[in-house]
Amino acid sequence: MLKGYRILGFRLKNRAGEIDILARRGRVLAVVEVKRRATLGAALSALTPRQTARLVAAAQQVAHGRKALQSLDIRLDIVALAPGRFPRHRRGVGS
């Protein structure tokens, strides 16, 4: 929220999968996957191509069901968490 995003939902489940955080900023619908690992590097590299495809499909299903979201650009982000470190937000992963 401090970066100008409006949070639309947490842990949204549908047939395609689960979205940890769904947020909107301008014309972007951000699908945010949260990964916690022993190191930030491990967390940032934990998103597989299969998970990427599943998350995009889940976002498309959510957007399809909400008229206000249908024209937005879908972007996949990751928030990496590791003990003793500040969270790291990386935009546009898997694209």
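None of the values given here were measured: they were computed from a predicted structure. If you read the sequence from its start, that first residue is 1, and numbering goes on from there.
- Minimum interatomic distance between N14 and A58 (heavy atoms only, all atoms of both residues): ND2-O, 3.1 Å.
- Side-chain atoms of R36 and P83, non-hydrogen and from C-beta on, do get closer than 4.5 Å to each other.
- Taking 4.5 Å as the limit, some side-chain heavy atom of Q51 sits within range of a side-chain heavy atom of K35.
- With R24 contributing its side chain and G26 its backbone, the two residues share a donor-acceptor pair below 3.5 Å.
- The shortest heavy-atom contact between A16 and A57 is CB-C, 3.7 Å.
- V28 and F10 fall into different hydrophobic clusters, where Ile, Leu, Val, Met, Phe, Trp and Tyr side chains are chained together by heavy-atom contacts under 4.5 Å.
- Put simply, OG on S71 and CZ on R27 are 4.0 Å apart, with the number rounded to the nearest 0.5 Å.
- Between L44 and R88, some side-chain heavy-atom pair lies under the 4.5 Å cut-off.
- Side chains of L8 and L69 form a contact here, defined as non-hydrogen atoms less than 4.5 Å apart.
- Within the 3.5 Å criterion, the main-chain N or O of A30 finds no donor-acceptor partner in the side chain of R91.
- Expressed to the nearest 0.5 Å, how far CG of L40 lies from CZ of R90 amounts to 9.5 Å.
- Criterion: ILVMFWY side-chain heavy atoms under 4.5 Å apart, direct or through other members. Under it, L72 and I19 are part of a common hydrophobic cluster.
- Between L55 and E33, some side-chain heavy-atom pair lies under the 4.5 Å cut-off.
- A single hydrophobic cluster is not seen to contain both V79 and V56; linkage of ILVMFWY side chains at heavy-atom distances under 4.5 Å, directly or through other members, places them apart.
- Judged purely by atom type and a 3.5 angstrom limit, Q70 uses its side chain to pair as donor or acceptor with the backbone of H64.
- Using a cutoff of 4.0 Å between basic side-chain nitrogens and carboxylate oxygens, D73 and R75 are not scored as salt-bridged.
- Not one N or O on the side chain of D77 forms a donor-acceptor pair closer than 3.5 Å with the backbone of V32.
- The neighbour count for R6 CZ, taken as heavy atoms of other residues, nucleotides or ligands under 6.0 Å away, does not exceed 12.
- Taking 4.5 Å as the limit, every side-chain heavy atom of V93 sits out of range of all side-chain heavy atoms of T52.
- Tested against V31, the residues I74, D20, I21, L12 include a single side-chain contact (heavy atoms from CB on, under 4.5 Å) partner, I74.
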